[in-house]
Amino acid sequence: MKIKRQKQAKKTLSFYKYNFNFREPYQILIDGTFCQAALKNKIQIKEQMPKYLMGEVHLCTTNCALKELETLGKELYGAKIILQRYQVRNCQHFKNPISASECLLSMLEDKNPHHYFVATQDFKLTTGLKKIPGVPLLYIVLNTIVLDKPSQRSLDHVQALQLGELVSPAQQQSLQSLKAEQGIVQKDGERQGKKRKRKPHNPNPLSCLKKKKKKNSGPTPPRKKTEEGEKRTRSRHKKHTTQGEHIGSTASTALIQNS
């Protein structure tokens, strides 16, 4: 059973590595519910988490998650001590703390840009996290840590990438690096690259030619007006025959007369 669980975790990790650019050390956000479940089931999170994920991990939490455990009282004192050992990531609710579930959701934003894993036993939080693509979920079942399968939202996002409807973060980084090399990265509507100076060009040789003057053939003679009652006479144009045609015509008339 342990080997099967390890294979499934390896398969899920490769999915997030190749499709969402997850890399070691893995950053794992932990809330109080996960620490309480680990305490009850005698799970050493700091020791077992790197073995299960087969890589280096950074365990972290937020100030709101710690404040929530303080308000819940002595029942969760042990979970609070465990959670205090981890790194505290800065959130936007330092002055006005909110619930741990809302705080963790705000840390992930819309596309989980910092590549966080989330370890929680809160059902309300997990339903909200499954709506965000590329969020690996960890929880405790039967004294063991389990990495949940990719959510349907993550699968749909990957399918859209494969069909060319979206651009992956890795592709966006490569595009930005290419734009930076070419000097066409824009910031605040301006170009980062150097402005190219326009070189002076020679004028078009055709535009330098003098305009040809049109030859005036003289004014056209006005047409003769015919008086009333007179018929209009047509002017016939005689055909100009060539010398060869004139000789041929005289010879043919001579042959007709002789016959």
Side-chain angles (χ1 to χ4, degrees), residues 1-2 4-41 43-62 64-66 68-69 76 79 82-83 86-89 91 98-161 168-169:
M1 191 71 182
K2 186 178 179 181
K4 187 178 179 181
R5 189 165 54 89
Q6 199 80 18
K7 283 183 177 179
Q8 183 62 40
K10 190 175 181 180
K11 185 179 178 181
T12 307
L13 278 172
S14 63
F15 172 83
Y16 287 109
K17 281 181 181 179
Y18 294 123
N19 295 304
F20 294 96
N21 203 23
F22 276 75
R23 295 290 180 269
E24 294 183 31
Y26 303 127
Q27 301 184 87
I28 302 171
L29 280 173
I30 302 174
D31 67 349
T33 59
F34 190 84
C35 292
Q36 182 67 15
L39 187 64
K40 283 184 178 181
N41 293 292
I43 295 173
Q44 298 293 330
I45 300 173
K46 203 168 185 178
E47 294 177 3
Q48 295 187 21
M49 192 71 78
K51 292 179 181 178
Y52 179 61
L53 296 179
M54 297 163 286
E56 187 182 355
V57 299
H58 284 169
L59 304 176
C60 52
T61 186
T62 63
C64 294
L66 289 169
E68 187 179 58
L69 290 177
L76 298 174
I82 295 171
L83 200 62
Y86 307 143
Q87 298 176 7
V88 179
R89 295 296 167 89
C91 62
I98 58 176
S99 65
S101 57
E102 292 178 359
C103 181
L104 294 181
L105 281 171
S106 67
M107 292 285 287
L108 298 176
E109 300 177 9
D110 293 333
K111 295 181 180 179
N112 193 11
H114 302 291
H115 304 99
Y116 284 120
F117 287 67
V118 179
T120 182
Q121 300 292 110
D122 189 351
F123 179 75
K124 183 181 177 181
L125 178 57
T126 53
T127 52
L129 292 171
K130 286 181 180 180
K131 296 177 183 179
I132 303 171
V135 181
L137 294 173
L138 291 158
Y139 50 87
I140 295 171
V141 177
L142 300 174
N143 303 330
T144 55
I145 298 171
V146 177
L147 178 62
D148 196 12
K149 293 180 180 179
S151 63
Q152 189 61 42
R153 183 72 182 88
S154 298
L155 294 172
D156 294 340
H157 183 82
V158 172
Q159 189 177 3
L161 285 174
S168 64

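Computed over heavy atoms, backbone and side chain alike; hydrogens, waters and symmetry mates excluded. All residue numbers refer to positions in the sequence shown, counting from 1.
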### Task
Using the test ring-ring contact (aromatic ring centres under 6.0 Å, His included), find all partners of Phe22 that sit at least two apart in sequence or belong to another chain.
Tyr16, His115, Phe117
### Message
Can you tell me how far apart CG (Leu53) and OH (Tyr26) are? Round to the nearest 0.5 Å.
### Response
7.0 Å
### Message
Which residues pass the side chain to side chain donor-acceptor pair (under 3.5 Å) test with Tyr116, not counting sequence neighbours?
### Response
Arg89
### Lys131 NZ to Leu108 CG distance, which is reported to the nearest 0.5 Å
14.0 Å
### Message
Before you tell me yes or no, could you show the steps for Gln6 and Met54 under side-chain contact (heavy atoms from CB on, under 4.5 Å), namely the whole-Å CA-CA distance, both residues' side-chain angles and the distance that decides it to 0.1 Å?
### Response
CA-CA 9 Å; Gln6 199 80 18; Met54 297 163 286; 3.4 Å; yes
### Message
For a quick check under 3.5 Å, do Asp122 and Thr33 share a side-chain donor-acceptor pair by atom type?
### Response
no
#### Entry: Neighbour count >12 (heavy atoms, 6.0 Å) for atom CD, Glu24
yes
#### Entry: Straight-line distance of Lys40 NZ to Asn143 CG, nearest 0.5 Å
12.5 Å
### Task
May I have the step-by-step check of side-chain contact (heavy atoms from CB on, under 4.5 Å) for Leu29 and Gln27, ending in yes or no?
CA-CA 7 Å; Leu29 280 173; Gln27 301 184 87; over 6 Å; no
### Message
Nearest 0.5 angstrom please: Ile45 CD1 to Ile145 CD1, how far?
### Response
6.5 Å
### Evaluation steps, side-chain contact (heavy atoms from CB on, under 4.5 Å), between Asp148 and Lys130
CA-CA 10 Å; Asp148 196 12; Lys130 286 181 180 180; 3.6 Å; yes
### Query
Val118 and Phe34: side-chain contact (heavy atoms from CB on, under 4.5 Å), yes or no, with the steps?
CA-CA 10 Å; Val118 179; Phe34 190 84; over 6 Å; no
### Message
Phe123: which residues meet the side chain to side chain contact (heavy atoms under 4.5 Å, CB included) condition with it, sequence neighbours left out?
### Response
Thr126, Thr127
